[in-house]
Protein chains: 2
Amino acid sequence: MAPIEEEERMTVSVRDVAAAASVSVGTVSNVLNRPDKVAPATVARVTAAIAELGFVRNDAARQLRAGHSRSIGLVVLDVRNPFFTDVARGAEDRAAEAGMTVLLGNSDENTDREGAYLDLFEEQRVAGVLISPLADDLPRLQRIRDRGTTVVLVDREVADQSFSSVAVDDVVGGSLAVSHLIDTGRRRIAFIGGPMGIRQVVDRLDGARRAVAAADAEGVSLEVIETESLTVLAGRAAGEAIRERAASDRPDAIFAANDLLAMGVLQALMMQGSIDVPGEIALIGYDDIDFAAAAVVPMSSIRQPAALIGYTAVDLMLKEADGETARERVVFQPELVVRESTSSRS
Amino acid sequence: MAPIEEEERMTVSVRDVAAAASVSVGTVSNVLNRPDKVAPATVARVTAAIAELGFVRNDAARQLRAGHSRSIGLVVLDVRNPFFTDVARGAEDRAAEAGMTVLLGNSDENTDREGAYLDLFEEQRVAGVLISPLADDLPRLQRIRDRGTTVVLVDREVADQSFSSVAVDDVVGGSLAVSHLIDTGRRRIAFIGGPMGIRQVVDRLDGARRAVAAADAEGVSLEVIETESLTVLAGRAAGEAIRERAASDRPDAIFAANDLLAMGVLQALMMQGSIDVPGEIALIGYDDIDFAAAAVVPMSSIRQPAALIGYTAVDLMLKEADGETARERVVFQPELVVRESTSSRS
DNA sequence: GCGGCCGAATGATTCGTTTCAGGCCGCCAC
DNA sequence: GTGGCGGCCTGAAACGAATCATTCGGCCGC
C-alpha cells in the first residue's frame, strides 16, 4: 500500500507558469521585470497563469543570479532601547524609498552575537551593513568591506576616512549635560555608565570631564560609577548603591549615560520615597526617548536625532555602493532638553 | 589608455577554494557541512584555503538548493512597543536554539506594510511566518499556508483549528482591569483604545464590558473613546480631550488598551498638574512594559508573558513544520499588576 | 516582390552550493 | 588470490530566475 501523500508541496516555478501560459520562461521573466517590453495580451495571459498557479518568485534564485540582495543589514547594540528602534525606523524609511529592506540584528552588547550577525549578513550578500560597533574591531569590518560589502558606521566615527559614518557628537552631549548640572548649582556630580568598552559611554564621560574642567565654579567633583550594561536593570542596581550610602556621601547630581540607565536610577532612588529628585539629587539622561518625558519625574535628557541617523546611514550606504561619492562622515549635534529632574532646588 | 580598475570585486566560490586546496568542490562542501566525513589533513588544507582566499558562503545558493531558508519571519504591529520587542526577543531565543534566525517586520498597524512583509517573507521562502495580524485577512494567510509556508498566529486566536496560535486571553485581561477599577471604588469608567480593527483592542473592550455587566455595584458606566492608533501620541491626544472637559464630565477611571496609550494619557492629564492621578482619575494600562513601573505615577497594568509568547510561537512553528503534531493553540492567562495609578482615593 | 527593419518571444546558459551515485585504494578474511 | 568492505574523494546534476544573443513574423518602402 502506498503511503498517503501527506501534503502536496507544490513548488511552482517560472517554468510552470510558462507552460500554463504557453510562452517561454524568458517571456515570463520579462512580464515580471519589464512588462512594457511584452505585448499586452501576453502580459494578461501570463498574469492570469501566475494568479491561477499561485506562483511566488524565489528570492534566493533571483539573488544568486543578481549577485547581491536587496536587503540592508543593521546591527544595533540593544533593540530594547527605544533610541535604536528609532534609528531602525529611520533606516527602514530610507530603504523603502529605494525598494529595499532592513534586516535588524541585535548584538545585545555582546561581541559574539555581533560577530554572528556580521557573518550572517555577509553570507546573505546584503547590499550593505550598518553597524553600531561594540568595540574596536575595525580590522574585521575592514575585511568585510574589502570583500565587497559596503559598511557604514552608525553612531561612531573613525579618524581616518576609512569608513562612511553617521554620528552624534557625544563629547559635546556629555559636556552639555554636565554644564547644565553645574549651571543649576550642582557640585558633586556622578557619572553612571558602562561598560567602558562602548565608545558612546567613553565619549560622554569625556564630555562630562571637560565640562567639569571648564566650569567657572569651585568645588566641582566628578565621580564615575561604572555599570555592566546600559539597561534599566543596571541603572536600578547603581541607584540602589547610591541610596544605601550615607546622605552626606551621595552626589547631588547624576548624569546617566543613557535614558534607560537613568530610568533605573530614578526608580531606585525614589523607592519608598527615600531620595527626592531633583530636590536632593538632580538627574539627567541621554537619548531623550519617549518615555523620559513620562517618567516619575519628567527627565531632562540629551536629544539625538535618532530616526535621522538611521535615514542618513542608509543614504550614505546607497551612495557609497553606487560608487557615486567618496566615503563621507556626517556628524549631528545633540541638544539639551530640560525637564523637572534637573530643576533647581526650590 | 585602459580605465583604472576601480575595485577588484572578488567573488570567491567553492570552486576557487577547491582549486586552491587541490580537492573537488564536493569535498569543500563536505568540509563545510560534515567535517567528520573528511580526512583531518584534507580538512586542514581546505580550511587554510578558505581563510587565505577569504571565502564566504553564498547563502542564496545554499537556499536555492535547499528549497527553503533558515530564517523565520515575524510581523508585529509596532516595533516601538516594548511588548513586541520582548516577543521578538523570545522568538529569537528559540530560533537560535534551532540554529535559525528571526527576520523582524514592522507592519505599523498598516495593512499595506503588513502585506509587503508577507510577500517578502514568502519570496524568501522563510521556514515559517509568525504574525500578529492586523485585521481579519485570514484567507490570505490561508493561501500562504496552502502554498507551503507554515503560519503561526501570534497574540490572536482563530476559532477553528486552521492555524497554530499563541495568544493571551484579552477578554480576561480587559475584565481583570475593569473589575479592579470597580473594586477600588470607581464608577465612571472610560475605555481608551483603537482602532477597532485590531482584535486585541476589541477583546479588551469586550472584557471591560463584561466586567461592568457583572459588577456587583450600582451606577457603573463605561464610556468608549476610540483612538487612531496605540501610541503614546494617540494617548496624549485622548488625554488632552479629557483634560479639557468640565471636571464633572470627566471619568473617574481610565482603562487604556495598552501601556503606550496609558503613558500618553498620563502625560496629558498631569500636564501643569491639572488632574491628579489617581486622586481624581485612576489609570490602568495593558502589557506591563518596563517603563510602566517607572512612570510619573507608577502604573497599574495587565501583564502578559511577552518573551514566552515569542518563544512558544517559534516552537509551534517548528513542530508544525516538522509535521510532528497537528496544529496547536496555546493560550496564556494575563495577570493584574497593581501600582499607584489605581490606588484608592486617600 | 523584395530587402530591411522592428517588436516580440525564445531558450540555452549562468549564478554557487549541495547532493549523490560512483570510483579508487588499501586492508582483512577466507 | 580474490571478494568484500569502508573510508575518502570525485564530478556531474540539480535548484529557479535572469540574461542576451537569436530567431521569428509581420510590415513598410521602394
Side-chain angles (χ1 to χ4, degrees), chain A residues 9-47 49-50 53-70 119-120 122-126 147-149, chain B residues 9-47 49-50 53-70 99 119-120 122-127 147-149:
Chain A
R9 219 344 177 160
M10 41 158 86
T11 307
V12 183
S13 80
V14 271
R15 217 181 324 274
D16 303 313
V17 174
S22 320
V23 294
S24 74
V25 290
T27 301
V28 176
S29 180
N30 280 334
V31 170
L32 255 23
N33 302 304
R34 307 178 207 67
D36 49 310
K37 294 279 172 201
V38 181
T42 313
V43 172
R45 238 175 39 250
V46 172
T47 313
I50 288 176
L53 299 176
F55 166 75
V56 176
R57 272 147 113 120
N58 184 325
D59 202 51
R62 244 143 94 73
Q63 223 171 274
L64 173 59
R65 191 75 233 282
H68 61 93
S69 82
R70 289 169 355 274
D119 285 348
L120 181 72
E122 223 186 333
E123 289 188 6
Q124 311 225 90
R125 299 287 190 276
V126 294
R147 282 190 220 111
T149 304
Chain B
R9 223 335 182 162
M10 42 156 87
T11 306
V12 183
S13 80
V14 272
R15 217 181 322 275
D16 303 314
V17 173
S22 320
V23 294
S24 74
V25 290
T27 300
V28 175
S29 178
N30 281 332
V31 169
L32 254 22
N33 302 304
R34 307 176 207 70
D36 49 311
K37 295 280 173 201
V38 180
T42 313
V43 172
R45 241 181 29 254
V46 172
T47 313
I50 288 176
L53 299 177
F55 166 74
V56 176
R57 269 147 116 123
N58 184 324
D59 202 51
R62 243 145 97 74
Q63 224 171 274
L64 174 58
R65 187 77 235 282
H68 62 92
S69 83
R70 289 167 357 275
D119 284 348
L120 181 71
E122 222 186 334
E123 289 189 5
Q124 311 224 98
R125 299 288 190 276
V126 294
R147 282 191 221 114
T149 303

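Please read all numbers here as calculations on a predicted model, not as lab measurements. Below, chains carry the letters A, B, ... as their sequence lines are ordered, and counting in each starts from 1.
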request  = Just call it for B:Val23: base, sugar-phosphate, or nothing, with non-hydrogen atoms closer than 4.0 Å on any strand.
outcome  = sugar-phosphate

inquiry  = Could you check whether any side-chain N or O of B:Gln63 sits under 3.5 Å from a backbone N or O of B:Gln124, counting only pairs where one atom can act as donor and the other as acceptor?
reply    = yes

remark   = Per atom distances to the B:Ala61 side chain, the nearest of C:dT10, C:dT19, C:dT17 is C:dT17

Considering all heavy atoms, the nearest A:Val12-A:Phe55 contact = O-CD1, 3.4 Å

key: Reference residue A:Asp59; test salt bridge (Lys or Arg N to Asp or Glu O under 4.0 Å); the match among A:Arg70, A:Arg125, A:Arg65   = A:Arg70

ask   = Taking for each residue the nucleotide of DNA chain D with the nearest heavy atom, is it A:Leu64 or B:Ser22 whose nucleotide lies nearer the 5' end?
value = B:Ser22

Interatomic distance where CD belongs to B:Gln63 and C1' belongs to C:dT17 [whole Å] = 12 Å

request  = Report yes if a side-chain nitrogen or oxygen of A:Ser13 is closer than 4.0 Å to either non-bridging phosphate oxygen (OP1 or OP2) of D:dG16; otherwise report no.
outcome  = no

task = With B:Val46 as reference, evaluate B:Leu32, B:Val31, B:Val14 under the side-chain contact (heavy atoms from CB on, under 4.5 Å) test and give the passing residue.
result = B:Val31

query = Quick one: does A:Arg65 reach the base of D:dA18 with a side-chain donor-acceptor pair under 3.5 Å?
reply = yes

inquiry  = I need the CG-C1' distance between B:Asp16 and C:dC15, as an integer number of Å.
reply    = 13 Å

query = OP1 or OP2 of C:dT18 less than 4.0 angstrom from a side-chain nitrogen or oxygen of B:Arg57, does that happen here?
reply = yes

key: Exam field: side chain A:Thr47 to backbone A:Val43, donor-acceptor pair closer than 3.5 Å   = yes

inquiry  = Over all strands shown, is A:Arg62 touching base, sugar-phosphate only, or nothing at heavy-atom distances under 4.0 angstrom?
reply    = sugar-phosphate

key: Minimum-distance nucleotide to B:Ser29 side chain [options: C:dT19, C:dG16, D:dG16]   = C:dT19

query = Within this structure, what is the CG-to-C1' distance between A:Asn30 and D:dC20, rounded to whole angstrom?
reply = 10 Å

task = Name the closest nucleotide to the A:Val14 side chain, picking from C:dT17, D:dC9, D:dA17.
result = D:dA17

message = Using OP1 and OP2 only, check whether a side-chain N or O of B:Ser24 sits under 4.0 Å from D:dT10.
response = yes

key: For DNA chain C, the residues among residues 32-42 of chain B that have a non-hydrogen atom under 4.0 Å from it   = B:Asn33, B:Arg34

